Number of protein chains: 2
Amino acid sequence: MLLSKSCLYGVRAAMYMATLEQSEYVTIQQISEKLNISFHFLTKILQTLTENNIMVSYRGPKGGVALAKPSKDIRLIEIVDAIDGTHIFSECIFGLPGCGNMTPCPLHGEWEREREKIRRMFSDTTLAMLADKINVFNLRISDTDSAPINAKLLKSLTITHRKRK
Amino acid sequence: MLLSKSCLYGVRAAMYMATLEQSEYVTIQQISEKLNISFHFLTKILQTLTENNIMVSYRGPKGGVALAKPSKDIRLIEIVDAIDGTHIFSECIFGLPGCGNMTPCPLHGEWEREREKIRRMFSDTTLAMLADKINVFNLRISDTDSAPINAKLLKSLTITHRKRK
DNA sequence: AGCATTTCAGACTCTTTTATCTTAAAATAA
DNA sequence: TTATTTTAAGATAAAAGAGTCTGAAATGCT
Ligand code: SF4
Ligand code: SF4
């Protein structure tokens, strides 16, 4: 797995919050239920996200967590960085320590190109972009979420396309 | 880490054996010393490689392990498959179970393209290709291997290139 | 035959990751 | 103030991954 479970949970929680796009606080309880993640575990993960100024939290009734910035200003890589660290995107494919361009391993060239693309994929994607896609196409975020792809929309798109011929 | 440690060790051991390109058995002891990997641990890893017909082994004096096929016929992905399994190359980036094209996650398109490239990178590369590079440029395989890049060769190449102007 | 060498097989330990639980602290509302 | 809601913090437990150890089985050498 490229990303740790903790990181995945953090990303999915952030994605979920972005789809709500409301200014109120959301309780971790609600998020954990919606995404089917252990409440206590998610709590700890979101703690590190608030420590890293990606989210803000508020205690007491009507409290919870919220995104610290508009979702269009939060990039996937920030979340990954906070939880797993960005070394993932600069790591040697063979796990050799102290690796660099001076003593490259045989696959260095290709791997460097690929991991850079992956890194860019994470740094180019904002939460808003993901939330849009999720809302428009009704994509799933959770593993138990029963929400299938928006069948009606998909069908209409297909038909429209066919009629054009 | 994309590949597990066990897998990394297995790959490096195979690479090392390919650079020798000799028909005799090599003892696991020797490999473990050369690559600075725990002997017993490496033994277990290479056992699974022999189970998967990537290596052959022989017990007793003059025994050891050897590549089951010419190194040009062994592809990196075979080793990864034997130890970590190829699910790595078809895994959802968000770790959602039962993921597929019917209910794609927001990053599906891009990720599928990238992971396919990585998969191809592993299935296109043979041990012989790696061994050649290692031998020609004196690249390192081990983390304690003091062998730096072949400085003389590098220098001559640079100078030649410069003189062409 | 007896001995040294070497992989094989499996149990065992240590470490890291993942997950749970318990208590505290903060904020709010009544 | 007091009860309630909610995150904070940290201890603990379970699971997975990484690494170690021991004895057995096979093989070649003398
Ligand atoms: S030189 Fe090789 S081992 Fe080092 S980071 Fe590049 S690809 Fe990885
Ligand atoms: S649909 Fe999304 S989650 Fe599923 S495999 Fe593709 S990228 Fe991964």
Side-chain angles (χ1 to χ4, degrees), chain A residues 1-13 17 24-68 80 83-85 87-88 94-95 97 143, chain B residues 1-14 17 24-68 80 82-85 87-88 94-95 97 143:
Chain A
M1 263 199 299
L2 184 65
L3 304 176
S4 73
K5 280 230 178 156
S6 306
C7 192
L8 255 20
Y9 292 163
V11 168
R12 274 160 59 193
M17 290 165 72
E24 289 166 18
Y25 289 104
V26 187
T27 69
I28 299 178
Q29 187 71 51
Q30 183 193 328
I31 303 173
S32 76
E33 277 167 14
K34 197 76 184 180
L35 302 186
N36 197 38
I37 300 170
S38 150
F39 165 71
H40 290 287
F41 194 32
L42 185 58
T43 290
K44 203 178 302 189
I45 294 164
L46 296 194
Q47 254 171 50
T48 75
L49 288 186
T50 63
E51 278 166 16
N52 286 77
N53 303 311
I54 291 164
M55 295 184 180
V56 289
S57 67
Y58 212 77
R59 293 197 257 199
K62 285 282 181 178
V65 289
L67 297 176
V80 173
I83 299 174
D84 275 356
H87 62 90
I88 302 175
F94 290 129
D143 48 356
Chain B
M1 263 200 298
L2 185 65
L3 304 176
S4 72
K5 283 249 179 125
S6 306
C7 192
L8 255 19
Y9 292 162
V11 167
R12 275 160 59 190
M17 290 166 72
E24 287 166 20
Y25 290 103
V26 188
T27 68
I28 299 177
Q29 187 71 52
Q30 183 194 328
I31 303 173
S32 75
E33 278 166 13
K34 197 76 183 178
L35 302 188
N36 195 38
I37 300 170
S38 150
F39 165 71
H40 290 287
F41 193 30
L42 186 58
T43 291
K44 203 184 311 191
I45 294 164
L46 296 193
Q47 257 171 45
T48 75
L49 288 185
T50 63
E51 279 166 15
N52 286 77
N53 303 309
I54 291 163
M55 297 183 179
V56 290
S57 65
Y58 211 78
R59 291 197 258 199
K62 287 280 182 181
V65 289
L67 296 176
V80 173
I83 299 174
D84 274 358
H87 63 88
I88 301 175
F94 291 130
D143 47 356

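Just so you know, these numbers come straight off a predicted model, no measurement behind them. All chains are named by letter (A, B, ...) in the order of the sequence lines, taking the proteins before the strands, and each is independently numbered beginning at 1.
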Evaluate the side-chain proximity of A/Ile37 to A/Ile45: yes if any heavy-atom separation is below 4.5 Å, no if none is. no

Counting only side-chain nitrogens and oxygens, does A/Tyr9 get under 4.0 Å of the OP1 or OP2 atom of C/dA19? yes

Roughly how many Å is it from OH in B/Tyr25 to P in C/dT7, rounded to a whole number? 11 Å

Let me know the distance between NZ of B/Lys5 and C1' of D/dT20, rounded to the nearest Å. 15 Å

Contact check, residues 37-52 of chain A vs DNA chain C, heavy-atom distance under 4.0 Å, returns A/Ser38, A/His40, A/Phe41, A/Lys44

Got a minute to check which stems DNA chain D is part of, using Watson-Crick or G-U wobble pairs under 3.5 Å, three or more consecutive? C:1-30 with D:1-30

Could you label the plane-to-plane angle of the A/Tyr25 and A/Tyr58 rings as parallel, tilted or perpendicular, counting under 30° as parallel and over 60° as perpendicular? parallel

A/Ile28 CD1 to C/dC21 P, straight-line distance once rounded to whole Å: 17 Å

Verdict with supporting geometry, A/Gln47 and A/Glu51, side chain to side chain donor-acceptor pair (under 3.5 Å): CA-CA 6 Å; A/Gln47 254 171 50; A/Glu51 278 166 16; over 6 Å; no

Please report, rounded to the nearest Å, how far the C1' atom of D/dT6 is from the CE atom of A/Met55. 16 Å

Would you mind reading off the distance between B/Leu3 atom CG and D/dA18 atom P, rounded to a whole angstrom? 11 Å

Heavy-atom closest pair, residues B/Thr27 and B/Gly63: CG2-O, 3.7 Å

Within the distance-only criterion (no hydrogens, no angle test), does the side chain of A/Asp84 pair as donor or acceptor with the backbone N or O of A/Ser4 below 3.5 angstrom? yes

Under 3.5 Å, N/O pairs linking protein and nucleotides 28-30 of chain C:
residue	atom	partner	partner atom	Å
C/dT28	OP1	A/Tyr58	OH	2.9

If I take atom CD in residue A/Gln29 and atom P in nucleotide C/dC21, what distance separates them, rounded to the nearest angstrom? 13 Å

